[in-house]
2 protein chains.
Amino acid sequence: MDDSENSATPGTGYRDVKRVVVERILSSTWPPGAMLPPEVDLAREFACTRTTVNRALRELADEGYLERRRKLGTRVRANPQRQAKLSIPLIRDEVEGTGAAYRYALVGREALPAPGWLAARMGLAPGDPVLHVRCMHYADNRPFQFEDRWINIAAVPEAAAEGFAATGPNEWLVRKVPYTRAEFSFAATGAAGEVAEYLGLRAGEPVLAAERLTWLREVPVTLAEMTFMPGYRMVSR
Amino acid sequence: MDDSENSATPGTGYRDVKRVVVERILSSTWPPGAMLPPEVDLAREFACTRTTVNRALRELADEGYLERRRKLGTRVRANPQRQAKLSIPLIRDEVEGTGAAYRYALVGREALPAPGWLAARMGLAPGDPVLHVRCMHYADNRPFQFEDRWINIAAVPEAAAEGFAATGPNEWLVRKVPYTRAEFSFAATGAAGEVAEYLGLRAGEPVLAAERLTWLREVPVTLAEMTFMPGYRMVSR
DNA sequence: GAGTGGTCTAGACCACGGT
DNA sequence: CCGTGGTCTAGACCACTCC
């Protein structure tokens, strides 16, 4: 009865092709590892051109359903793409999205020569001028995130003249500097030092720390460590 | 001199169009919010067909650089897509990728009616039959990850007959059941109970816990909490 | 060499959404 | 209405890779 789910119908667009192919994968008509017919054959079955089939299969490959290689053909991925997209909103948006009032506060700001560990981490020469900014983000005046950031002044000269008294460095940078590459990582750590002090935590309390390093055309721009209040969950979509 | 970076050259493919457009965005020729010329104009400039320009712009929109709407046209995104892709490899691959030997061990396996909290979390009816599996993953015989998993038996009837003595439920499920949707989140917690016991940690020691919930066509399949050894970092690509 | 996907062309019609 | 992107066609040539 419901064969529209699993067969080609006339007037086929690339979305239809995608839908039918996914149905066949999910229903194990084409189980993991199976080869699909060549594009030409599928085009004949779906009564459309190869271009249309090509777009459908290309997108399904992008989405992780298929694996394609010239001459070898197209096969169903044994392991579906085990990837998650994390959305990393601006803190302000994230806080205000929950209906809470956002507040920013500067903790400290110093221009100094890059210490060895930082130079190594960011790919700078030791002693290169950098700006070190620490700040807090509050939701309804409750601590939300502690941010510890280093900015490569050579990459963003205007930062040297910016006080970051009213606007956080994250928001400022996003509006000022595009980036070509970013590296994220996450880990659980125990609260310590300023982090524990400003978040109001006992030393050693488990907190989620996110690190972000960005480049503009191979030039390192900024390294940031953002530490969240206990209980915070980062969610993919 | 290096104007090949910022201008159209003959024999233009969609990759060339993409490269040039990105260059113009990064160099603020087209700053955030700016409108791009219509596809027809770009096609003339690049000496290619509109199809080629269309593919380039469509992909750049997918990648978060551009925003496109009919009639309104194409504009540069004010805030670049703040998204990161996390790769979630199979544990075995991750461990073996570091050169270490992978070992799996079953900790416990029980079939039981879904407790209330689980039913609510997964979207089941309380009392629905589920399988609860706990297991360990080792790298060179050092604890690497503790896995606590619930499987909806109605979604995967074959799981009822599987002992999970030699193969982890993750690996088994990946080969057995496709999924249509997955939700992923992670948080920092303090080690406790079995987690602390099997990872060999003091109670309260900060650990990274990742939770994964998957569906097959609106049917919840499995909920897993994976707790990593202290110091583990999850890295984006 | 030969089969398969990768890409481009030139042209067409459609769908959306502002005017 | 009409400009813009969205999609499709029919055909072509190229690039990779297995044989």
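- In this structure, Arg24(A) is not positioned above the aromatic face of Tyr65(A) in the sense of NZ or CZ being under 6.0 Å from the six-membered ring centre and within 45° of the axis.
- Of the options Val20(A), Leu66(A), Leu60(A), Leu36(A), a side-chain contact (heavy atoms from CB on, under 4.5 Å) to Ile25(A) is made by Leu66(A) and by none of the others.
- Residue Phe46(A) contributes atom CZ, which lies 17 Å from atom P of dT7(D) at whole-angstrom precision.
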Show me the side-chain donor-acceptor pairs of residues 219-226 of chain B shorter than 3.5 Å, one per line, residues at least two apart or across chains.
| from | atom 1 | to | atom 2 | distance (Å) |
| --- | --- | --- | --- | --- |
| Thr222(B) | OG1 | Arg149(B) | NH1 | 3.2 |
| Thr222(B) | OG1 | Trp150(B) | O | 2.8 |

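- Looking at the side chain of Asn54(B), the nearest of the listed nucleotides dT7(D), dT9(C), dT4(C) is dT7(D).
- Taking side-chain N and O atoms only, Tyr14(B) has a distance below 4.0 Å to OP1 or OP2 of dT7(C).
- Remark: C1' of dT4(D) and CZ of Arg58(B) are 16 Å apart, rounded to the nearest angstrom.
- Every residue meeting the ring pair (Phe, Tyr, Trp, His ring centres under 6.0 Å) condition with Tyr102(A), not counting sequence neighbours, appears here in chain and number order: His137(A).
- Listed candidates were dA10(D), dT9(C), dG5(C). Nearest to the side chain of Glu39(A) is dG5(C).
- Spacing between atom CE of Met35(B) and atom C1' of dG18(C) amounts to 12 Å, rounded to whole angstrom units.
- Within the structure, every side-chain polar atom (N or O) of Arg55(B) is placed at least 4.0 Å from both OP1 and OP2 of dG6(C).
- Summarising the geometry of Arg68(A) relative to Arg58(A), their closest heavy-atom pair is NH1-N, 3.8 Å, with the distance given to 0.1 Å.
- If you take CZ of Arg68(B) and C1' of dT4(D), they are 9 Å apart, rounded to a whole angstrom.
- The nucleotide whose nearest atom lies closest to any side-chain atom of Thr51(A) is, among dG5(D), dA10(D), dA10(C), dA10(D).
- For Glu23(B) and Lys18(B), the salt-bridge test fails: no basic side-chain N is under 4.0 Å from an acidic carboxylate O.
- In this structure, Asp62(A) atom CG and dG6(C) atom C1' are separated by 13 Å, rounded to whole Å.
- Between Thr49(B) and Arg69(A), the one whose closest nucleotide on DNA chain C sits nearer the 5' end is Arg69(A).
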Using atom names, set out every protein N or O paired with an N or O of nucleotides 12-14 of chain C below 3.5 Å, distance rounded to 0.1 Å.
| from | atom 1 | to | atom 2 | distance (Å) |
| --- | --- | --- | --- | --- |
| dA12(C) | N6 | Arg50(B) | NH2 | 3.3 |

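- Taking the nucleotide of DNA chain D with the nearest heavy atom to each of Thr52(A) and Lys71(A), the more 5' of the two is matched to Thr52(A).
- Glu59(A) places its CD atom 16 Å from the C1' atom of dT7(C), with the value rounded to the nearest Å.
- Between Leu60(A) atom CG and dG5(C) atom C1' the separation is 15 Å, expressed in whole Å.
- Between Tyr14(A) and Arg55(A), the side chains place a donor N or O and an acceptor N or O closer than 3.5 Å (distance only, hydrogens not considered).
- When rounded to the nearest whole Å, the span between CZ of Arg75(A) and C1' of dT4(C) equals 13 Å.
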